[in-house]
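All ligand and atom numbering here is 1-based and tracks the order in the structure. Everything numeric in this text was worked out from a predicted model, so none of it was measured.
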Amino acid sequence: MSLTGTYDDANIFAKILRGEAPCVKVYEDDHVLSFMDIFPQSSGHFLVLPKAKSRNLLELDDAALQETMVRVKRLAAAARKAFNPDGIVVTQFNGAPAGQTVFHTHFHIIPRWEGEALGRHGGGQADMDVLKDQAAKIAAAL
Ligand code: AMP
């Protein structure tokens, strides 16, 4: 998938946004949905999606981007409060060659700890009970 093309309504995040596929929800409002990454690269790795349809950052309109980024910051602050990490990666990939695998715009929030290596992107699936517990902790810290 390059940077050109059309939005695919059958992508997994579109299905989650429509409630047709499950997620471990962290936060939702009119502008964004946030849920745990099921193949986390670190403990507490979660995602923030603008609800507006766009395949990548370059297609997201400015108003939706602004609404989203304010929430990304708020959610990153909640993750800091919940997990007390040494650092937090906020990242986002555009196009398959850049590492994007799901083509609905999303931001990763990845807590990091000193001396702990980052897991493989799209590695092993997490335990759902652990993810639910982490989501509850982030939500409680908002
Ligand atoms: P990206 O490579 O930036 O497109 O990231 C997509 C992310 O979505 C990866 O980190 C995957 O682990 C994650 N992911 C894929 N499917 C799901 C799903 N059904 N629920 C939660 N996270 C998912």
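The option from Asn11, Val102, Ile38 that lies nearest to atom 22 (N) of ligand 1, judged by heavy atoms, is Ile38. In this structure, of Asp37, Val24, Leu49, Ile16, the residue bringing a heavy atom nearest to atom 10 (O) of ligand 1 is Asp37. Taking only non-hydrogen atoms, the option from His106, His104, Gln125, Gln100 nearest to atom 3 (O) of ligand 1 is His106.
Those atoms of ligand 1 with a heavy atom of Leu47 less than 4.0 angstrom away are 8 (O), 22 (N). Each of the following atoms of ligand 1 lies closer than 4.0 Å to a heavy atom of His108: 1 (P), 3 (O), 5 (O), 7 (C), 10 (O). Within the listing of ligand 1, atoms 19 (N) sit less than 4.0 angstrom from a heavy atom of Ile12.
Residue Phe13 places a heavy atom under 4.0 Å from ligand 1. The shell of residues lying under 4.0 angstrom from ligand 1, judged by heavy atoms, excludes Cys23.
Contacts between Phe93 and ligand 1 below 4.0 angstrom, taking non-hydrogen atoms only, involve the side chain exclusively. In Gln92, neither the side chain nor the backbone holds a heavy atom less than 4.0 Å from any atom of ligand 1.
Salt-bridge annotation for Asp9 and Lys53: present, with a side-chain N of the basic residue lying under 4.0 Å from a carboxylate O of the acidic one. Between Arg112 and Glu116, none of the side-chain N atoms (NZ, or NE/NH1/NH2) sits under 4.0 Å from a carboxylate O, so this pair counts as no salt bridge. Taking a cutoff of 4.0 Å between a charged side-chain nitrogen and a carboxylate oxygen, Arg71 and Asp29 qualify as a salt bridge.
Of the possible donor and acceptor atoms, one in the side chain of Asn94 sits under 3.5 Å from a partner among the backbone N and O of Leu57.
Separation of the Phe13 and Phe35 ring centroids falls under the 6.0 Å cut-off. Ring to ring, Phe39 and His45 are not that close: their centroids are 6.0 angstrom or more apart. A centroid separation of 6.0 Å or more is found between the aromatic rings of His106 and His104.
The closest side-chain heavy-atom distance from Met69 to Leu65 is below 4.5 Å.
The distance criterion of under 3.5 Å between nitrogen or oxygen atoms is not met by Phe35 with respect to ligand 1.
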